[in-house]
Asker: 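Following this message is one structure expressed as structure tokens.
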Amino acid sequence: MSVPTEVIMSQHYDVAAVRQNFPAAEHVVYLDSGFQTPLSRPVKEAYERFLQEGFETAGPKQVWLNRLEETRAKVASLLGAKPHEIAFTKNTSESMNIAANALPLRAGDKVLMIEGDHPNNAYAFLNLQRKGVEIVFIPMTEVVNAESFRPYIDDRTRAISMSHVTFHAGHRFDVESVGGLCAQRDLYFVVDVMQGIGVVPIDAKAMKATFIGSGTHKGLLVPQGLGLLYWDATRIELEPAYLAAASLASPPADFIARADNMALPATAGRFELGNFNLPAVQGLGAALDFIDQVGIENIQNHCFDLGDDLIARLDGLGVGLVGPREREHRAPHIYVIALPAAEWLDYFTRTGIRVSPERDGIRVSFGMFNTTADIDRLVEAIRARNAPAMPQARTAVLSKLG
Ligand SMILES: Cc1ncc(COP(=O)(O)O)c(C=O)c1O
């Protein structure tokens, strides 16, 4: 399927050129970047370079580790942080578990979370119940900000953990106001940014986060198996639950472990364990360069424009949207259509449209390569299946108005 140029204009960047880097988007209408972004050329080339270097030179580990440090600096720049505040992990779940277990929580302490938040964030904290920590869920409402949490804070509350963007309805919660509240009330603040990173600009300092956790296989364009952890390096009291030589300030040069030299570095390296997922880190370095060339604000604005178009056209069809409609409260790239997944998912798959089933409908999620032509195909598919019902629906509306 080729996309005519007139429908791929964006006010923000040359989407046609960007799209050429995602060949999978030509074989299927790919509206599922909230699940996994298709492999792009720059990331594929970074993996190929790694394989070739390993194949021809038996693994130049120091070269790869130098590149890892360059990538760490790029991640830091994306998050408005310092390189020494970034650790590489396996995925979001591992980052959230590292964070949850580093907090100095004791029996009777409380952590506040949002009901229905992503399970990979929630279980990391629910597991602390084994230590006697109480997890209190506040209701999931369309807008979540400091005022949503304030009534639940008491003298036993120690931390708040939440997602920035929800995977199941595309809320974009006001993490900066919640971070401000945490700073005021001396609470630790842990944020899961997996669903927004790479599309929504993130400023760790403006969020006043203690920890930020993420994976890299959605907006950061890397295949599964690499995660990130931001740690506010002023929180030097936070220590890892697990330890390896890599976590130490001075790993023993003779490789003999000694109990008398286990000081931790003042860097997020204290949370790293063992060898790294080096090919994925190289892929991430290439992805971050690519994202930087396009511009994160541009990606966000392009996705917002696609979202405005999608909402207007769903309105035209009389099909509902689950989750927030206003740009202020919604994620740029995640939209859940109120069509029962059990009835619609197979139909979309048969029609060559890739979307995800969610608890309240069908999730459409955009990447930097999507165009209005993709929305045309989706809307046309909905219209085609609803067609026999449409005249009746219109009559019902008219008679109501009359
Ligand atoms: C908010 C959120 N957190 C975490 C994850 C995934 O967790 P992990 O990276 O551990 O697979 C997802 C989606 O896959 C998500 O939407």
Side-chain angles (χ1 to χ4, degrees), residues 81 85 87 89-141 144-164 166 171 173-194 204-214 227-243 247 262-264 266-268 270-273:
E85 295 180 303
T89 64
K90 187 172 135 196
N91 49 36
T92 323
S93 308
E94 189 175 60
S95 299
M96 302 319 281
N97 273 278
I98 291 172
N101 288 284
L103 301 183
L105 302 177
R106 291 194 300 260
D109 289 345
K110 283 188 193 170
V111 177
L112 305 184
M113 300 197 75
I114 305 170
E115 183 77 51
D117 201 338
H118 197 283
N120 289 354
N121 178 18
Y123 283 124
F125 286 89
L126 282 171
N127 197 31
L128 300 179
Q129 292 180 143
R130 296 199 298 188
K131 288 189 189 172
V133 174
E134 193 182 330
I135 311 302
V136 178
F137 287 103
I138 74 160
M140 166 94 64
T141 43
V144 171
N145 56 24
E147 297 324 305
S148 321
F149 283 101
R150 200 185 295 278
Y152 295 86
I153 298 176
D154 62 22
D155 57 8
R156 289 201 288 129
T157 310
R158 300 278 173 267
I160 293 178
S161 180
M162 65 187 289
S163 288
H164 183 197
T166 66
H171 308 89
F173 291 141
D174 188 352
V175 282
E176 293 182 3
S177 98
V178 181
L181 175 67
C182 288
Q184 247 174 39
R185 304 294 295 267
D186 198 17
L187 307 179
Y188 294 110
F189 186 36
V190 184
V191 189
D192 171 348
V193 298
M194 176 50 165
K205 301 298 170 190
M207 274 186 197
K208 297 189 167 61
T210 314
F211 284 110
I212 294 174
S214 186
L228 305 172
L229 180 71
Y230 158 84
W231 164 64
D232 171 0
T234 65
R235 297 292 203 163
I236 200 78
E237 78 277 15
L238 303 180
E239 297 189 345
Y242 296 152
L243 203 69
S247 337
M262 289 171 51
L264 296 169
T267 72
R270 60 175 56 197
F271 299 109
E272 288 178 336
L273 290 163

Asker: Establish, yes or no, whether a centroid distance under 6.0 Å links the rings of Phe271 and Tyr230.
Answerer: no
Asker: Using atom types as modelled and distance alone, determine if a side-chain donor or acceptor of Ser247 lies under 3.5 Å from a backbone N or O of Glu272.
Answerer: yes
Asker: Go through the steps to decide whether Ser95 and Thr89 satisfy the test side-chain hydrogen bond (donor to acceptor under 3.5 Å, both in side chains), and finish with yes or no.
Answerer: CA-CA 6 Å; Ser95 299; Thr89 64; 2.8 Å; yes
Asker: Do you know which two heavy atoms are closest between Tyr152 and Thr157, and how far apart they sit?
Answerer: O-OG1, 3.8 Å
Asker: Could you tell me if Ser163 and Asp117 have a donor-acceptor pair between their side chains, going purely by distance under 3.5 Å?
Answerer: yes
Asker: Show the atom names and distances, to 0.1 Å, of all donor-acceptor pairs under 3.5 Å that link a side chain in residues 178-194 to residues at least two apart or in another chain.
Answerer:
residue: Tyr188; atom: OH; partner: Glu237; partner atom: OE2; Å: 2.8
residue: Asp192; atom: OD1; partner: Met194; partner atom: N; Å: 2.9

Asker: Is the backbone N or O of Asn120 less than 3.5 Å from a side-chain atom of His118, with the two atoms forming a donor-acceptor pair by type?
Answerer: yes
Asker: Side chains of Ser161 and Asn121 only: does a donor on one sit below 3.5 Å from an acceptor on the other?
Answerer: yes
Asker: Any side-chain heavy atom of Met207 within less than 4.5 Å of one from Ile212?
Answerer: yes
Asker: Side chains of Phe125 and Leu112: does their closest heavy-atom pair fall under 4.5 Å?
Answerer: no
Asker: For Asn145, give me all partners under side-chain contact (heavy atoms from CB on, under 4.5 Å), at least two apart in sequence or on another chain.
Answerer: Val143, Glu147, Ser148, Asp174, Ser177
Asker: Just to verify, what does Arg130 make a side-chain hydrogen bond (donor to acceptor under 3.5 Å, both in side chains) with, not counting sequence neighbours?
Answerer: Asn127
Asker: Is a salt bridge present between Asp109 and Arg156, judged by a nitrogen-to-oxygen distance below 4.0 Å?
Answerer: no
Asker: Using only atom types and a distance under 3.5 Å, with no angle test, would you say the side chain of Arg270 pairs donor to acceptor with the backbone of Leu238?
Answerer: yes
Asker: So do the side chains of Val175 and Met162 get within less than 4.5 Å of each other, counting heavy atoms only?
Answerer: yes
Asker: Can a salt bridge be assigned to the pair Lys205 and Glu85 using a cut-off of 4.0 Å between side-chain N and carboxylate O?
Answerer: yes
